[in-house]
Structures are given as C-alpha cells and as structure tokens.
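The sequence lines fix the lettering, A, B, ..., with proteins before strands; numbering per chain opens at 1. Below, all heavy atoms of this structure are taken into account, side chains as well, without hydrogens, waters or symmetry copies.
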Protein chains: 2
Amino acid sequence: MSGTETYDPSKYPPIAVTVDIVLLTIIQDSLAALLIRRGAEPFKDSYALPGGFVQPDETLAAAAARELEEETGARGMHLEQLGTYGDPGRDPRMRVVSVAYLALIPNPPEVVGGSDATSAEWSPVASFLDSTLPETPSLLAFDHSRILRDGVDRARGKLEYTGLATAFCPDEFTVGELRRVYEIVWGVDLDARNFHRKVTGTLGFLEPTGEMTTRGGGRPAQLFRQGPTQSLNPPILRPSPTVI
Amino acid sequence: MSGTETYDPSKYPPIAVTVDIVLLTIIQDSLAALLIRRGAEPFKDSYALPGGFVQPDETLAAAAARELEEETGARGMHLEQLGTYGDPGRDPRMRVVSVAYLALIPNPPEVVGGSDATSAEWSPVASFLDSTLPETPSLLAFDHSRILRDGVDRARGKLEYTGLATAFCPDEFTVGELRRVYEIVWGVDLDARNFHRKVTGTLGFLEPTGEMTTRGGGRPAQLFRQGPTQSLNPPILRPSPTVI
DNA sequence: CCGTTTATCGTCACTTTGACGAGTTCTGGT
DNA sequence: ACCAGAACTCGTCAAAGTGACGATAAACGG
C-alpha cells in the first residue's frame, strides 16, 4: 500500500478470503485430484475443489493445511502456494478472493470418507483437462477448472527441475517407482535405463537406504530415500508429446 | 469452498485485500526496484512497495496495473502474479491479504514524480537482499523485504528458461544488450560468444529486424525483436556464483 | 526349467556446452 | 592518418550430457 492512503475498510464492500486446494495423487496409474460434490447452490451437485474460509488467526498456508486435514485426515504432505484467483463475479454471491494451494500425497491415499454431508472423491484429472474427453462432468464449479489446470501444469513443470516427484512416493521407493510417477504425470514413456542413469547419477538427489525390495515383481530393486539435492541441474527434459 | 458451508461474511472480522508490486528495471548497470517512502504510520518514513486496495469491480491484475500506472505512468509492461502474503499481523492495523505482482520495464524508466505527498524512487535491490551490505534502510515496511526478495528470485529464475529478459529491453535490441540484462540480473559474467550462439541458435527466440545499430560503441550489431518462442529448451544455465 | 518382468550396467553416435582464438568494424584520442 | 580499445560475430575443440538400444541379472509363476 502506498503511504498516504488511510485505512477504512468499511468504505469497501467486504471481500471474502478463502483457500482452495488442488490435492493430487496417483491412483491406478492415473493422476487424480480430490474433488468435492457441492451440496448447495450455486453449482449445486457440481464438483469443486476442497477449500474454505481463512480464519482470523491463521496463516494462509495453515488454512490450507487445516482444510486438507478436515477433508482427508492427511497431514505433512507437500503444500505450496499456487496462485490467487479473485476475478469479480467468479462467485455469484459476493467478491471472493481465493488463494489456491497445490498439495501432493503418495500413492495409497486415505479413503476419503464423506464425514459431513458433502462427499469427496478422487477423479482422474484427464477428464477435466482434455476437452476432447466427454466423460464425467467436464466442468468444475466456479473457476476451479482453471485452478485445477494451473495446479497440474505446475506439478508437471516442477518435475523437470526439482525432486517434486518424490512427493508422490512413499518415504522409501525404487527408481522404477519414481520413473512411473514421471510417466504418469507427464503422460509419456521414459526409457528406464536412461532415467536410471540420470537420477542415480545426479549427486545427492537420491540416497540409497541399503535395502532392496521385490515389490512389483521382477528383479529386486534398491530402495532410495529423497536426498538433499532438491534441484535437478540440468533438468530432466520432458519429451514433447509425440507428434504424428 | 466446500459445499455445505454457508456464506456469512459478517461472522468474520473483515479482511482487506491489496495488491503490492515489485517493479524492477535496470538502471546504471544495476537491478533496481521502485520503492515508496511511506508518509504515515505504521512504518512512517520507511520504504515500501507500491500498491493499494483492490477496487470492487476490478480483477487483481487490473488493480496491479492501475496502481502501477498511478505510481509511474507506465503501461503495458510485463506483469505477472508473484504470490500472496497474508500472515496475521503482517500489518499491525488489521488483517491484510496482499497479492503481490511482479512487473518489469525496460531501461530508461519514466522519472517518477512524487505527484502526491509520497515520493517514489528507484533503489538498487542489492542493498535490500545482501544482508551484508549495511547501506540505506536495509529493511522495508511490513513483509515487503520478503516480497521483494521473492520477486527478484522469480525474475532470476525465469531468465533461465523463458524470454523474460526481453522485458528489460526496448522493442528492438542487440544480443549484447540482452546479454547485459542476464549479467546484471544474475550478477555474473557470461561469455559473449557462447551467449550469442545460444540465443541466435534457438529457433524462433529472436527475430532479426534487418537493421543494425552502433549504439554502445564497437562494431555495429544486428537489431532483434522478441520472437514467438518464449520458452528456452534447453535453458540457459546460470553459472553458480563463483565459489572461492 | 522356461518365459516374463523388472533392474541395472554398458556402448555408441550425436548434441550441447564451456573455453578460447581470431577477424571485423565501429569510436575516440593523438 | 594511425592506433588502441571496445564490441560483434564466426570458428574450433574437448568434455559432458542425451537418446537409442544391446545385454545381463534376479526375481516370479507356471
């Protein structure tokens, strides 16, 4: 704010501040988002992102973490601010400015009980992103389609140059499991051998636990933990979607 | 928002929504930000980022553009959302959620007249980022030091893989001028020959205008315009700050 | 025992990078 | 007029990284 303006909020119509959360995980080899079916107008019976009002004494991130826990019981997952959406008219009732957060959790997520009247469920994001797929309600309430798309774009982009993919993996994971995260989120096939060379060759990116696992069939694989290096330089290049 | 909650904003203490702007440019071979000297409490006489309240019928981006024009007269520059800052207590008067924007303008910026009581001026960002430099007021009002740092970080990062650097250049520019943007923003020296090869070799990144210029001394250089390719793949790698 | 699956190691050609040499064309000083 | 300096642009070369793919290893289920 510049210095001379005085504060008189009553001069302005009130603005509500909410958080909305794009919570992504991987279910059955698909990237999926948690969606809530709305029980009230507007957009009754449509799907929407989970979220809620920011309470007077909590930070924005705390509000997002709280809503997430209320909705899913999950805690401590990766959570980052995505962007803020505040167009007038995005909510027909009043001016609402919504701070969107992106959250990622590993594979087998809690069964999301519809503890209250609203029901939450995981939906593959593809149906909301590909306008060519006429499945399910292809539109979300409010501007949540846009927010969901921005969240997926952010996640896809950050896989290239950060260790974000490990947020989709359990604490200990194999190179193959990590590669499958990339393949599912990007929707491409990666060469297992080159991927292995890249991630094991980047110093500090993966820490071997010394253990092996045979889960997943095939030859047992080393288990790794996330290492201290959280930036990938040079990045893992995402192959451009095969143009035919 | 999840579906069952009802809207009753009067239940909550009001939250003010503002925009703050990190406006960067290059002055005298330094990266500089526009700062306002505050004329009122709190933080009277401190420096702060320009900004102001979001009006009822404008988008967040429009509010940022309006404030920017009121403050500098500048229009049409690069403007992107940076992040939202809403910790309780960041403003001692009331709960304020501020959506920060990052704006970049080319070299010779308008003289910023202190048209109203507040005075605006360009300050090199180094003094606010390097805590080791005890020049000028090394702290900004509110959490604006943090916002400024985030803005500079964002600009630095995006130079690597986007054509953002051209936002610091006039419409037509030489490869040398573009390189100097990188050198100043990153605070490193780049090899002129390798840089030239990289940016002219990336198809669609620069469009030759066919003209030459001799401004800047030395052999005349080709003038380029920004090309259609706005993503640099592979990116221009930022040399790590020379470790001694 | 044998095919299948997955992990991991290697090889090879190609591209990109970083370091640097060298020629070109302007300006400003003497 | 000449020269030093600055800046642009083209080249060369070794090192590193990448993509494509062959080959072996170690588990599994029949």
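The base of C/dG21 is paired with the side chain of B/Arg193 by a donor and an acceptor separated by under 3.5 Å. Checked by distance alone, A/Arg197 brings a side-chain donor or acceptor within 3.5 Å of a matching partner on the base of D/dG19. You'll find a donor-acceptor pair under 3.5 Å spanning the side chain of B/Arg219 and the base of D/dC8, going by distance alone.
Under a cut-off of 6.0 angstrom, the local environment of CG in B/Asp153 is crowded, with over 12 non-hydrogen atoms contributed by other residues, nucleotides or ligands.
Ion pairing between a basic and an acidic side chain is recognised when a charged N comes within 4.0 Å of a carboxylate O; A/Glu177 and A/Arg215 show such pairing. Of the charged side-chain nitrogens involved, at least one lies within less than 4.0 Å of a carboxylate oxygen, so that A/Arg146 and A/Asp150 count as a salt-bridged pair.
To the nearest angstrom, P of D/dT18 lies 12 Å from CD of A/Glu160. Per the geometry, CG belonging to A/Asn194 stands 15 Å off P belonging to C/dC12, to the nearest Å. When the C1' atom of D/dA7 is taken as reference, atom CD of B/Glu183 falls 12 Å away, rounded to whole Å. To the nearest angstrom, C1' of C/dA19 lies 18 Å from NE2 of B/His196. Atom CG in A/Asp191 sits roughly 13 Å away from atom C1' in C/dC9 (whole-Å rounding). Atom CG in A/Leu203 sits roughly 16 Å away from atom C1' in D/dG17 (whole-Å rounding). Between the CG atom of A/Asn233 and the P atom of D/dG17 there is a distance of 10 Å, given to the nearest Å. Between the CZ atom of A/Phe195 and the P atom of D/dT18 there is a distance of 12 Å, rounded to whole Å.
Toward the 5' end of DNA chain C, the nearer of the two residues A/Thr200 and A/Gly218, judged by each one's closest nucleotide, is A/Gly218. Between B/Pro220 and B/Pro235, it is B/Pro235 whose nearest contact on DNA chain C lies nearer the 5' terminus.
Comparing D/dA26, D/dT9, C/dT8 by their closest approach to the side chain of B/Val175 singles out D/dT9. Residue A/Pro234 places its side chain closer to D/dT18 than to any other of D/dC8, D/dT18, C/dT8.
Using a 4.0 Å heavy-atom cutoff across all strands shown, B/Arg215 reaches no nucleic acid atom at all.
There is no side-chain donor-acceptor pair under 3.5 Å between B/Tyr161 and A/Glu160.
For A/Lys198, a side-chain nitrogen or oxygen approaches OP1 or OP2 of D/dT18 to under 4.0 Å.
Ring centers of B/Phe224 and B/Phe173: at least 6.0 Å apart, outside the cut-off.
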